[in-house]
Amino acid sequence: MSNPNFEAPILITGATSPIAAAYATICAARGQGILLAGRNVIEVERVAQDLRVRHGAMISVVAYDAAKPGSGLTLAQQALDAGVKSAIAFHGIMEGKNAFHSMMQVNCLSVAELFEELLTLADKENRKLVLAGVSSVAGDRGRQSNYPYGATKAALNAYLSGLRNRTHLSGHRVITVKPGFVRTRMTEGKVSPTSPLLAEPAKVANDIDHAMRGTSNVLYTPWFWRGIMFVIRSIPEVIFKRLRL
Amino acid sequence: MNTAPLSGWGRWPVISACKVAPKNEAEAIALLSDGEKLISRGLGRSYGDPALPSAEGGRVVDSLAMSRMESFDESTGALVAEGGVSLAEIIEAFLPRGWFLPTTPGTKFVTLGGAVAADVHGKNHHVDGTFGTHVTFFDLVVPGGQVLRCSPEKNSEIFAATIGGMGLTGHILRVGLRLRRVPSAWCKVRYMKAGNLEAMVHLLSEHDASYRHTVAWIDCLESGEALGRGILMLGNEAAVDELPPEHREHPHALPRRRKLSVPFDFPGWALNSLTVKAFNAIYYGLGRDCEKLVDFEKFFYPLDAISHWNRIYGKRGFIQYQVFFPDCSAVQGLRKTLDAISRSGLSSFLAVLKRCGPANTFPLSFLDTGFTLALDMPVVPEKLDVLMPELERILAEHNGRIYFAKDACAAPDLIPKMYPRLDEFRKVQRALDPRSVLRSHLSTRLGLI
Ligand SMILES: Cc1cc2nc3c(=O)[nH]c(=O)nc-3n(C[C@H](O)[C@H](O)[C@H](O)COP(=O)(O)OP(=O)(O)OC[C@H]3O[C@@H](n4cnc5c(N)ncnc54)[C@H](O)[C@@H]3O)c2cc1C
Ligand SMILES: NC(=O)c1ccc[n+]([C@@H]2O[C@H](COP(=O)([O-])OP(=O)(O)OC[C@H]3O[C@@H](n4cnc5c(N)ncnc54)[C@H](OP(=O)(O)O)[C@@H]3O)[C@@H](O)[C@H]2O)c1
């Protein structure tokens, strides 16, 4: 483990997501301390206890509701107090256009609030952070089947890219994670369970770990989504608007 | 609801099933409350049909979405974990800290729920008994949605009926299991040759007392004088000072190996030629007797090194036939069984023979003092139709019984004779499940309830 950021504890939000739990497992297995945040504290505590039993890891649990503006401010303070030098936001929801506001709040605004506050506090004590936002390939181009969700992830992409640009010279790192289809409740009933495009949470978590400790800026996981999304982005709008996607 | 074809590890029979995977206790309770038929399923390592629905399109309750570990007591080895946790996960978490399973089947890819439901046994049965005897308690969701804590003290009849009860008393949510301290992750293994069945049975009985783990490979292609010739493996856990110096610092670390996989269906003939070679290499390479240090992975789970090895039998699938004979009729029973199988032309090359210790108190638990033999056979229906009735006659004559966790084609008639405590089990089962919700393909085929 060469990267000193990953010797200090990490903040992981949306801990009840299978991808987050798989990523937390990787951190716990290497002995990294974890601050697990989520809104359903009882379930998050179960995830934490599982990691403690398996890995003897140091895990604390904090309540965090991303739907409530302001909750990121408290969480950032708790994280800095816990000594974190890295954070990854897994929380997110996928709903229809009637829930556009709440989706925008949970998928984008809450992440921005949390990351801004983390950086403000870290800069005061000259601490350098690695921050990752879990976005989605759905943010690369809006499609009729779930463009409200896609739009919130597109906003998150633009935010993360801007943040990366702003903080680059001050020594922080910002990573945009774009998973394709992952076997979680988000894809249940929407993607065939036998689809070759459906990735296992553990595989995605492993890719995220490499990206976090390496040098990537934007991670597509599994890797082939970079190609798929390149093609999808390249289709001229005159054609794209006629497609059923 | 989506249905998809489902089978056990032998890939036969195939039944369409609708899999539902509860993610928490409330979802599991809801599933068992709606009155529709279902059967639990773990990692599907039972060979035939115990983890398949009783009819096409029926439901199976997949336990794998509930696989959290809940607590571990470093001073006593008491582990509490959800039913979907696999033995592989337990080894990964605790062997490095010096703890191992109290007993283990020949694959680590089984769940706690499946290990309890089949009351599985390992190479140390004659010393440590079955898996169920090391279970301190479990929580069971029963039809209607009640959650019962069962232990030798509390709900003790349900506790006993569930261990070996093949999922027919309810869905196991969490299990308390006592792990055992081991000095290292290595076994000192002694290999011996036996020229025929009598010699093998004699050797197994003679060495029982001095070895914790014993098992034999039998060459099924031999007949006549050499029927039952094979290799006996006798193991004890190695102390740290018995390890090679390079392993003494981390005696519980397992060597890292690359996993092989069988990527597609093999033609059926491929398997025999492979195992024949492996066996002969050992058999003829072996002097009279030799001793080796073998790590746990290789000793307990030789087949786990190749994932999907069940594809090696090709698309038609295979069955595993496992029988038990009590001491008094074992030699006769084993001889006739091996002979019948070899005459049928279905015999796989290798069979596994093991001497077992006394029975426990669970009514449907499989083993007792005597011998158990297990072997694979390809599914060739014309031949099985002739062979199976013959094997059942042999069983009946010699007080034998079959193992539910491996069975795919036994007939119902003999089951009450094989399992004399079946009625005791049925009484508990019916009281828990008056509306006949819990049913598997196996339970229906064998008329277990
Ligand atoms: C290579 C190999 C070697 C083996 N060696 C041995 C051996 O040496 N000794 C031995 O005893 N067995 C052995 N087995 C058989 C295996 O240990 C058992 O069949 C075991 O029950 C499989 O567990 P599973 O999790 O795969 O359960 P499944 O096969 O999915 O289910 C088996 C039974 O358990 C029930 N069940 C599963 N989960 C639950 C739950 N949560 N609650 C209630 N019921 C449940 C099912 O209804 C079913 O009746 C071997 C199997 C293989 C493939
Ligand atoms: N699955 C995919 O195919 C896929 C693809 C691309 C991107 N992603 C992204 O990956 C991330 C993880 O999703 P998933 O697929 O693992 O789905 P998931 O299981 O539904 O996980 C979503 C997580 O977000 C949490 N969450 C939701 N609303 C919250 C709130 N208001 N406050 C705090 N936490 C909240 C959930 O907590 P609760 O358990 O309390 O609900 C849960 O932990 C999401 O950002 C998602 O957009 C998923």
Side-chain angles (χ1 to χ4, degrees), chain A residues 12 14-32 34 36 38-59 61 90 93 181-196 198 200-203 205-206, chain B residues 1-6 16-28 60 62 64-99 112 139 173-177 179 252-253 256 263 307:
Chain A
I12 299 178
T16 53
S17 143
I19 316 173
Y23 178 67
T25 300
I26 296 174
C27 299
R30 68 168 157 250
Q32 196 176 0
I34 305 175
L36 276 184
R39 60 175 165 176
N40 182 345
V41 186
I42 294 175
E43 274 304 309
V44 178
E45 179 52 47
R46 289 178 58 73
V47 177
Q49 181 60 13
D50 178 65
L51 294 170
R52 290 181 197 116
V53 174
R54 284 178 201 248
H55 304 286
M58 293 286 291
I59 317 245
V61 170
F90 277 98
I93 49 177
F181 299 138
V182 192
R183 194 186 302 278
T184 71
R185 72 191 136 151
M186 219 174 245
T187 48
E188 208 173 79
K190 299 194 181 80
V191 182
S192 155
T194 52
S195 163
L198 194 64
E200 294 304 325
K203 152 80 182 140
N206 209 23
Chain B
M1 279 276 183
N2 282 338
T3 64
L6 194 66
S16 71
C18 171
K19 243 194 208 184
V20 253
K23 290 189 196 62
N24 52 45
E25 213 157 307
E27 288 182 21
V60 297
D62 179 340
L64 300 183
M66 291 184 72
S67 54
R68 301 239 162 91
M69 295 195 187
E70 300 185 336
S71 69
F72 183 66
D73 183 334
E74 206 77 51
S75 62
T76 60
L79 169 71
V80 179
E82 286 182 323
V85 167
S86 72
L87 303 190
E89 292 172 89
I90 295 177
I91 295 170
E92 191 181 312
F94 299 106
L95 185 55
R97 297 187 231 170
W99 298 91
L112 279 175
D139 287 340
L173 279 181
R174 68 172 55 73
V175 176
L177 177 71
L179 302 187
H252 295 101
R256 293 245 165 243
S307 48

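First the proteins, then the strands, lettered A, B, ... as listed; each starts at 1.
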(message) For Arg54(A) versus Arg68(B), what's the shortest heavy-atom pair and its separation?
(response) NH2-CA, 4.4 Å
(message) Rounded to the nearest 0.5 Å, what separates atom NE2 in His55(A) from atom CD in Glu92(B)?
(response) 7.0 Å
(request) State plainly whether the residues Glu43(A) and Lys23(B) are in salt-bridge range, i.e. N to O under 4.0 Å. (result) no
(message) Quick check on Glu82(B) against chain A: is it the side chain, the backbone, both or neither that has a heavy atom closer than 4.5 Å?
(response) side chain
(request) Let me know if Ile90(B) has heavy atoms under 4.5 Å from chain A in its side chain, its backbone, both or neither. (result) neither
(request) Apply side-chain contact (heavy atoms from CB on, under 4.5 Å) to the pair Arg46(A) and Glu70(B), showing each step before the final yes or no. (result) CA-CA 7 Å; Arg46(A) 289 178 58 73; Glu70(B) 300 185 336; 3.1 Å; yes
(request) State the OG1-CG distance between Thr16(A) and Asn24(B), to the nearest 0.5 angstrom. (result) 11.0 Å
(request) Walk me through it: do Val80(B) and Val53(A) pass the test side-chain contact (heavy atoms from CB on, under 4.5 Å)? (result) CA-CA 10 Å; Val80(B) 179; Val53(A) 174; over 6 Å; no
(message) Quick check on Glu45(A) against chain B: is it the side chain, the backbone, both or neither that has a heavy atom closer than 4.5 Å?
(response) neither
